[in-house]
Amino acid sequence: MKVIVIGSGFSGLAAATSLADKGHEVIILEKNSVAGGRARVFHEQGFTFDMGPSWYWMPDVFDNYFETFGKKTSDYYNLVRLDPSYSVILEGNETINLPAGVEKLGDLFESMEAGSKVKFQEFMRQAAYKYDVGINNFVWKPSRSITEFLSVKLLYDVTRLDVFQSFSSHIRKFFTDEKILKIMEFPILFLGATPENTPAMYSLMNYAEMEMGTWYPMGGMHEIVKGMVSLAEEKGVKILLNKNVQKIEVQGDKANKVITEDGEFTADVVVASADYHHVEDKLLEDKYRNYDEKYWDKRVMAPSSLLFYLGVNKRIAKLKHHNLFFDEDFKVHAHEIYTEPKWPSKPLFYASAPSKTDDSIAPEGCENLFLLIPVAPNLEDTDEIREKYYHIIMERLEKYCGENVRDSVIYKRSYAHHDFKSDYNAFKGNAYGLANTLMQTALLKPTLKSKKVKNLYYTGQLTVPGPGVPPSLISGLLVAGEVEKENRG
Ligand SMILES: Cc1cc2nc3c(=O)[nH]c(=O)nc-3n(C[C@H](O)[C@H](O)[C@H](O)COP(=O)(O)OP(=O)(O)OC[C@H]3O[C@@H](n4cnc5c(N)ncnc54)[C@H](O)[C@@H]3O)c2cc1C
């Protein structure tokens, strides 16, 4: 079969590689000049900036991916485990460095709340089970029919997964110390919703982070993309860059052509890994959409982000590789993201200095800084607003570091809603797709198969299993499995 994949993010690359491996002729059409989607890279003045993801969690998912094709992760990039995993900066600039490994973490928690080491061990025992069932079983369900979930074993699992309890109330059964609660709730923020709105099942994220570790691919996160691109090309996938898809042409009940600005490509199957809403709204005629605008408007989106990529011409002693500025009230910031969307009054933010681990991504004696403020999607995005927030967070960062940094910034680029829209056709300028709330899980997510066009499939962070690098990669493999099952012979 001739398969056209739209988009070269993790989901598109995974789908294309898997289908090429099964013997199909696969072409990826990517609108940008670099592959990788939200995980693109750019180089400026001797700095290498990863544009999106910076946390490498769930190394088993990547290892299994490369093993599926007879390869090893180390054939493509070298991983190092970070220790401390990250720093949390609390009110009054109190700093907690999270050590790698659960034993040391248990000791740290015990020093903060008597009796919490044993409780942490019990929490992690339950989280290990959730990780096993969640990552080895649930996320591999295409979620197209309730029957996929109707096995005695799975139903038994559901009862032990705490699907109907919120993470927030689950964690409070183990700990009362506010600092421990903040630390334990952090991985949940990756799912794009608050701990109150996230099922307790996702304590599997704590297992992923704390037991399996926080890793870093030397050279930067884009090394993962480079590895996946090499593997795709080894399997025969053709990746065509600067191909902005304008239309999916449908004849009868089948997509037969994908049309770009400068050409057209015939297809037996189309896999759309670009933002789901964009595909429905801009690439298809209305009558072929799965969901109308009302549906999309009701979705709870994960936050967007205001980002800064900074080249600094000195080293900043106080920063670690990952630094979470939790020095303001998270409840207020969360309210301003989800309940009453507006630019945050006192934002929490994240500062990454990967040059602490990797000399190759900054000139000698310099620091590579990536700053991220989670913000509501669809906000007014102007240069003035971006600049205002730059100074708000730099003020706090400088105070924490005990030195001036702004005067040493030799390269600066900001990135927010407008860029997400123009670079990725992102619905409402979203950064991480849909929030993983209970009402947007599995069967309740936008489906990965078109209901009206027989040979059209969707993949990526807006469909199953959800946002994040490992889920997007799994999404690509899932859709490839469905294509193979339904179209072979
Ligand atoms: C700032 C930021 C930080 C993040 N941090 C982390 C992290 O630390 N860890 C983690 O696991 N995850 C993180 N994520 C989430 C993760 O990066 C995403 O979930 C994942 O990369 C999404 O992959 P995807 O394949 O679904 O989509 P995308 O990466 O968006 O790929 C879709 C592709 O389709 C292309 N496209 C769109 N429209 C068209 C068109 N008309 N024609 C042709 N091509 C088109 C786009 O250019 C893009 O390349 C982060 C995301 C962001 C934005």
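In summary, the side chains of Trp55 and Thr214 do not present any donor paired with an acceptor at a separation below 3.5 Å, with no hydrogens or angles considered. At a cut-off of 3.5 Å, with distance as the only test, no side-chain donor of Lys356 or Asn323 sits close to an acceptor on the other residue. With hydrogens and angles left out, the side-chain atoms of His417 and Glu380 include no donor and acceptor closer than 3.5 Å. Judged purely by distance below 3.5 Å, without hydrogens or angles, the side chains of Tyr202 and Tyr131 never pair a donor atom with an acceptor atom. Using a 3.5 Å distance cut-off with no hydrogens or angles, the side chains of Asn430 and Asn378 do not pair a donor with an acceptor. If you check the side chains of Thr73 and Asp63, you find a donor sitting under 3.5 Å from an acceptor. Using modelled atom types and a 3.5 Å distance limit, the side chains of Ser273 and Thr459 yield no donor-acceptor pair. Side-chain N/O atoms of Asp60 and Tyr65 include no donor and acceptor closer than 3.5 Å.
Between Arg40 and Asp50, none of the side-chain N atoms (NZ, or NE/NH1/NH2) sits under 4.0 Å from a carboxylate O, so this pair counts as no salt bridge. With respect to the salt-bridge test (charged N to carboxylate O, under 4.0 angstrom), the residues Lys320 and Asp83 do not qualify. Ionic pairing of Lys454 and Asp253 is present here: one or more N-O contacts between side-chain nitrogen and carboxylate oxygen are shorter than 4.0 angstrom. A salt bridge does not link Asp423 with Arg38: none of the charged nitrogens is closer than 4.0 Å to a carboxylate oxygen. A salt bridge is defined here as a Lys NZ or Arg NE, NH1 or NH2 lying under 4.0 Å from an Asp or Glu carboxylate O, and Glu234 with Lys71 meets this definition. A salt bridge links Asp381 to Arg386: at least one charged side-chain nitrogen sits closer than 4.0 Å to a carboxylate oxygen.
Ring pair Phe349/Phe325 is parallel by interplanar angle, where below 30° counts as parallel and above 60° as perpendicular. In this pair, Phe370 and Tyr350 present their aromatic rings perpendicular. The plane angle is above 60°, beyond the 30 to 60° band. In this pair, Phe420 and Tyr424 present their aromatic rings tilted. The plane angle is within the 30 to 60° band.
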For this session: Test side-chain hydrogen bond (donor to acceptor under 3.5 Å, both in side chains) on Tyr216 and Tyr77 and set out the steps.
Result: CA-CA 10 Å; Tyr216 173 80; Tyr77 51 89; over 6 Å; no

For this session: Step by step, work out the ring pair (Phe, Tyr, Trp, His ring centres under 6.0 Å) result for Phe49 and Tyr411.
Result: CA-CA 11 Å; Phe49 293 104; Tyr411 177 77; 5.6 Å; yes

Exercise. Yes or no on side-chain hydrogen bond (donor to acceptor under 3.5 Å, both in side chains) for Tyr432 and Ser305, after CA distance, side-chain angles and deciding distance?
Worked result: CA-CA 9 Å; Tyr432 329 105; Ser305 305; 3.0 Å; yes

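A 6.0 Å sphere centred on NZ of Lys485 holds more than 12 heavy atoms belonging to other residues, nucleotides or ligands. For NZ of Lys22, the number of neighbouring non-hydrogen atoms (other residues, nucleotides, ligands) closer than 6.0 Å is greater than 12.
Although no hydrogens or angles enter the test, the distance criterion places no donor-acceptor pair under 3.5 Å between the side chain of Asn368 and the main chain of Phe47. Panel note: side chain Asn455, backbone Asp268; a donor-acceptor pair is recorded below 3.5 Å. Looking only at distances, no side-chain donor or acceptor of Ser203 sits under 3.5 Å from a matching main-chain atom of Asn206. Without hydrogens or angle criteria, Ser475 side chain to Gly460 main chain gives a donor-acceptor distance under 3.5 Å. Without hydrogens or angle criteria, Ser304 side chain to Pro377 main chain gives no donor-acceptor distance under 3.5 Å. Arg299 contributes no side-chain N or O that, together with a main-chain N or O of Met301, makes up a donor-acceptor pair within less than 3.5 Å.
In this structure, Leu161 and Phe138 have side chains that are in contact, with non-hydrogen atoms separated by less than 4.5 Å. Here the side chains of Val258 and Glu264 are not in contact, with every heavy-atom distance at 4.5 Å or above. Using a 4.5 Å cut-off on side-chain heavy atoms (C-beta onward), Pro446 and Tyr295 make contact. Side-chain contact check for Tyr338 versus Pro341: every heavy-atom pair is 4.5 Å or farther apart. Between Lys2 and Thr266, the closest side-chain pair of non-hydrogen atoms falls below 4.5 Å. Side-chain contact between Leu240 and Glu30 is absent, with no heavy atoms from C-beta onward closer than 4.5 Å. At least one side-chain heavy atom of Leu82 sits less than 4.5 Å from a side-chain heavy atom of Thr357. Side-chain contact check for Val250 versus Lys452: every heavy-atom pair is 4.5 Å or farther apart.
For Tyr309 and Phe42, the ring centers sit closer than 6.0 Å to each other. Taking the six-membered ring for Trp and the full ring otherwise, the centers of Phe123 and His170 sit less than 6.0 Å from each other. For Tyr86 and Phe186, the gap between ring centers is short of 6.0 Å. Tyr276 has its ring centre no less than 6.0 Å from the ring centre of Phe427. Ring centroids of His333 and Trp343 are separated by 6.0 Å or more, keeping the two rings apart.
For Arg144, the side-chain contact (heavy atoms from CB on, under 4.5 Å) criterion is met by Pro142, Glu148, Thr447, Leu448, Lys449, Glu482, Glu486, not counting sequence neighbours. Listed by chain and number, the residues in a side-chain contact (heavy atoms from CB on, under 4.5 Å) with Glu249 are Asn256, Lys257, Ile259 (sequence neighbours excluded). Contacts of His222 classified as ring-ring contact (aromatic ring centres under 6.0 Å, His included), with partners at least two apart in sequence or in another chain: none.
For the atom pair Asp275 CG and His277 NE2, the distance stands at 9.5 Å (nearest 0.5 Å). Atom CD1 of Ile188 sits about 10.5 Å away from atom OG of Ser168, to the nearest 0.5 Å. Separating the NZ atom in Lys226 from the CG atom in Leu231 is a distance of 15.5 Å, to the nearest 0.5 Å. Remark: Ser11 OG to Leu478 CG distance equals 11.0 Å, nearest 0.5 Å. Put simply, CD1 on Ile224 and CZ on Phe62 are 4.5 Å apart, with the number rounded to the nearest 0.5 Å. Rounding to the nearest 0.5 angstrom, the gap separating the CD atom in Gln461 from the OG1 atom in Thr463 is 11.0 Å.
In this structure, Ala35 and Val229 approach most closely via the heavy-atom pair CB-CG2, 4.0 Å.
Results of the side-chain contact (heavy atoms from CB on, under 4.5 Å) test with Pro354 over His322, Met221, His321 single out His321 as the only residue that passes.
With a 6.0 Å cutoff to the six-membered ring centre and a 45° limit on the axis angle, Arg125 does not count as a cation-pi contact of Tyr129.
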